[in-house]
Colleague: 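Mind having a look at this structure? Questions to follow.
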Number of protein chains: 2
Amino acid sequence: MEYNAKQLQIIEVAERLFADKGFAGTSVRDIAQEANVNVSMISYYFGSKEKLIEALFAMRMGESRSRMEMLLGNEDLIPIQKINILIDSAIDRLMGNQCFHNIMMREQLSSERTPAISEHIRALKLRNVQLMQKLIEEGQALGAFRKNIDLSLMSTTLYGTINYAIATQDFYKRINGLEGMEEAEFQSHLKRKLSQHLKSLFKSTVTNEHHNQD
Amino acid sequence: MEYNAKQLQIIEVAERLFADKGFAGTSVRDIAQEANVNVSMISYYFGSKEKLIEALFAMRMGESRSRMEMLLGNEDLIPIQKINILIDSAIDRLMGNQCFHNIMMREQLSSERTPAISEHIRALKLRNVQLMQKLIEEGQALGAFRKNIDLSLMSTTLYGTINYAIATQDFYKRINGLEGMEEAEFQSHLKRKLSQHLKSLFKSTVTNEHHNQD
DNA sequence: ACAAAAATCAAACGTTTGTTTGATTTTACT
DNA sequence: AGTAAAATCAAACAAACGTTTGATTTTTGT
């Protein structure tokens, strides 16, 4: 589905408001006002508020594919390098679409509020977890990774840590005394810290190497 | 504040519904119906729907203290044992109060929806992160733990992993083929897996010991 | 047993909700 | 230029919302 400028404007405003106040907490009049359109345009273009959030999901899910396939094809990389690419691409994806992933998180907290959306999320999570399992099993086959790794909980730790870091970033800012830092600078600071932290975490946990400082 | 049976009934039903459908997505009539009370009783007892969720937070926050202080006082335990106790008590606390922590997670996703609640959450998170920092610094002082540990992101990983595991437990069930398992059994299964996973994760990451299988 | 207090109820209150209507304006096409 | 389609609008719609009211029942304390 392709959208014109007005429709995109509505979707993007809705994304921001849904992320901030939740789906039920956001009225179509809120959206219409911030998007500078008449209330009736939402039903006119999307059919209903419910179909609007489904359109948002269909749109955002359609993006982001294919960039990670590069990493699978490249045979020059050693297992831990592939894991590191996976970590960084997950951080980039979640940090770069905070509003949408906030909404996704909310949807996961409700059980099956909208079947179409739940199905989108399930498919995405399945791709993510299978990709990580593939990389870990490759590393295990090469003898580089430990055998006793809980595959599905490793991806829980990856996405759980990133999501939770994003959800609590104000708290992180406060306890690390970064309240004065400019927003864009803070975002890249957090990305860098998350990257270091998760890479070190995964390296210690999945590899057979003895730990060495860097 | 102490509540009578009817008030507790309202709070507990509200907790379940807020967790499942969100605060804005739950109507006072939903709550009244499931709690078998008249709609007006909610305003009568709590003043408003908003004050009801604040009462819920005040009640749940008041519990759960003090059990973990035991772990701090005990000088017989080595650092990694204290960390393990912290992990298990976090798992027990979050898994044992899934509805409430679901609501807490939702509140963290909205920026400052209710200042009183945000303040409760901030205080709780501060206690948690400071406790973990204290334990890690003890271990570092004893030479048992590495020096280059990102203190605030370690607790992000702990709580992020548990919260995300709880939020996606239906998915976990499905990809691990546990759909037939009885609910109580699955809950203790997940607790055990989470405990093993997080202990192994923390051991690999924070200690100076070389890894050994168990 | 009685009076005061607390609890409960159906009904109504005024808003806000998502959606539809019908008229009007703007755009697109020949 | 003229007409059909698309877009926009204020207004209205019924339903659901949180809350209040005022009468009635139940509980409590003496």
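Lettering of chains follows the sequences in order, A, B, ..., and the numbering in each one begins at 1. Hydrogens, waters and symmetry mates play no part in the numbers below; they use all other heavy atoms, side chains included.
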Colleague: Using atom NZ of Lys49(B) as one end and atom P of dT16(C) as the other, report the distance to the nearest whole Å.
Modeller: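 After rounding, the gap between these two atoms is 15 Å.
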Colleague: Who passes side-chain hydrogen bond (donor to acceptor under 3.5 Å, both in side chains) against Ser110(B), sequence neighbours left out?
Modeller: Arg106(A)
Colleague: On DNA chain D, which is the earliest and which the latest nucleotide, 5' to 3', with an atom closer than 4.0 Å to a heavy atom of chain A?
Modeller: dA6(D) to dA12(D)
Colleague: Identify all side-chain donor-acceptor contacts of residues 7-18 of chain A below 3.5 Å with residues at least two apart in sequence or on another chain.
Modeller:
| from | atom 1 | to | atom 2 | distance (Å) |
| --- | --- | --- | --- | --- |
| Gln7(A) | OE1 | Asn4(A) | N | 2.9 |
| Gln7(A) | OE1 | Asn4(A) | ND2 | 3.4 |
| Gln9(A) | NE2 | Ala35(A) | O | 3.0 |
| Glu15(A) | OE1 | Arg60(A) | NH2 | 2.8 |
| Glu15(A) | OE2 | Arg60(A) | NE | 2.8 |
| Arg16(A) | NH1 | Glu34(A) | OE1 | 3.3 |
| Arg16(A) | NH2 | Glu34(A) | OE1 | 3.0 |

Colleague: Tell me the interatomic distance from Phe23(A), atom CZ, to dT17(C), atom P, rounded to whole angstroms.
Modeller: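 From Phe23(A) CZ to dT17(C) P: 13 Å.
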Colleague: Once salt bridge (Lys or Arg N to Asp or Glu O under 4.0 Å) is applied, do any residues pair with Asp170(A), and if so which ones, sequence neighbours excluded?
Modeller: none
Colleague: May I have the distance from Glu50(A) (atom CD) to dT19(C) (atom C1'), rounded to whole angstrom?
Modeller: 14 Å
Colleague: Can you name the side chain to side chain contact (heavy atoms under 4.5 Å, CB included) partners of Lys193(B), sequence neighbours left out?
Modeller: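 In terms of side chain to side chain contact (heavy atoms under 4.5 Å, CB included), with neighbours along the sequence ignored, Lys193(B) is linked to Asp150(A), Leu153(A), Tyr172(B), His189(B), Gln196(B).
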Colleague: Of the residues in residues 27-36 of chain B, which ones touch DNA chain C at a heavy-atom distance under 4.0 Å?
Modeller: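 Listed by number, they are Arg29(B).
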Colleague: Among residues 2-17 of chain B, which contact DNA chain C at a heavy-atom distance under 4.0 Å?
Modeller: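 Heavy-atom contacts with DNA chain C come from Asn4(B), Lys6(B).
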Colleague: So Tyr45(B), base contact, sugar-phosphate only, or nothing? Heavy-atom distance under 4.0 Å.
Modeller: sugar-phosphate
Colleague: Restricting to salt bridge (Lys or Arg N to Asp or Glu O under 4.0 Å), what partner residues turn up for Arg29(B), sequence neighbours left out?
Modeller: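 Testing Arg29(B) for salt bridge (Lys or Arg N to Asp or Glu O under 4.0 Å), a comparison that skips the adjacent residues, returns none.
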Colleague: Gln169(A): which residues meet the side-chain hydrogen bond (donor to acceptor under 3.5 Å, both in side chains) condition with it, sequence neighbours left out?
Modeller: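 So Gln169(A) forms a side-chain hydrogen bond (donor to acceptor under 3.5 Å, both in side chains) with Gln98(A), Gln187(A).
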Colleague: Which residues satisfy the side chain to side chain contact (heavy atoms under 4.5 Å, CB included) test with Glu185(A), sequence neighbours excluded?
Modeller: Met181(A), Glu182(A)
Colleague: Of all residues at least two apart in sequence or in a different chain, which pass the salt bridge (Lys or Arg N to Asp or Glu O under 4.0 Å) check with Lys191(A)?
Modeller: Asp92(A)
Colleague: What is the separation between atom CZ on Phe46(A) and atom P on dT19(C), rounded to the nearest whole Å?
Modeller: 13 Å
Colleague: Taking salt bridge (Lys or Arg N to Asp or Glu O under 4.0 Å) as the definition, give me every residue that meets it alongside Lys173(A), ordered by chain and number, with sequence neighbours left out.
Modeller: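 Checked Lys173(A) against salt bridge (Lys or Arg N to Asp or Glu O under 4.0 Å); matches are Glu183(A).
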Colleague: Return yes if some donor-acceptor pair links the side-chain N/O of Ser155(A) with the main-chain N/O of Ser152(A) below 3.5 Å, else return no.
Modeller: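 Checked: pair present.
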Colleague: If I compare all heavy atoms of Ser200(A) with all of Thr205(B), which pair ends up nearest, and what's the gap?
Modeller: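 Taking every non-hydrogen atom into account, OG-CG2, 4.4 Å.
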Colleague: Look at all strands and tell whether Ser48(B) reaches a base, only sugar-phosphate, or nothing, counting heavy atoms closer than 4.0 Å.
Modeller: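 Touches sugar-phosphate only.
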Colleague: To the nearest angstrom, how far is Leu52(A) atom CG from dT17(C) atom C1'?
Modeller: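 Those two atoms, CG and C1', are 15 Å apart.
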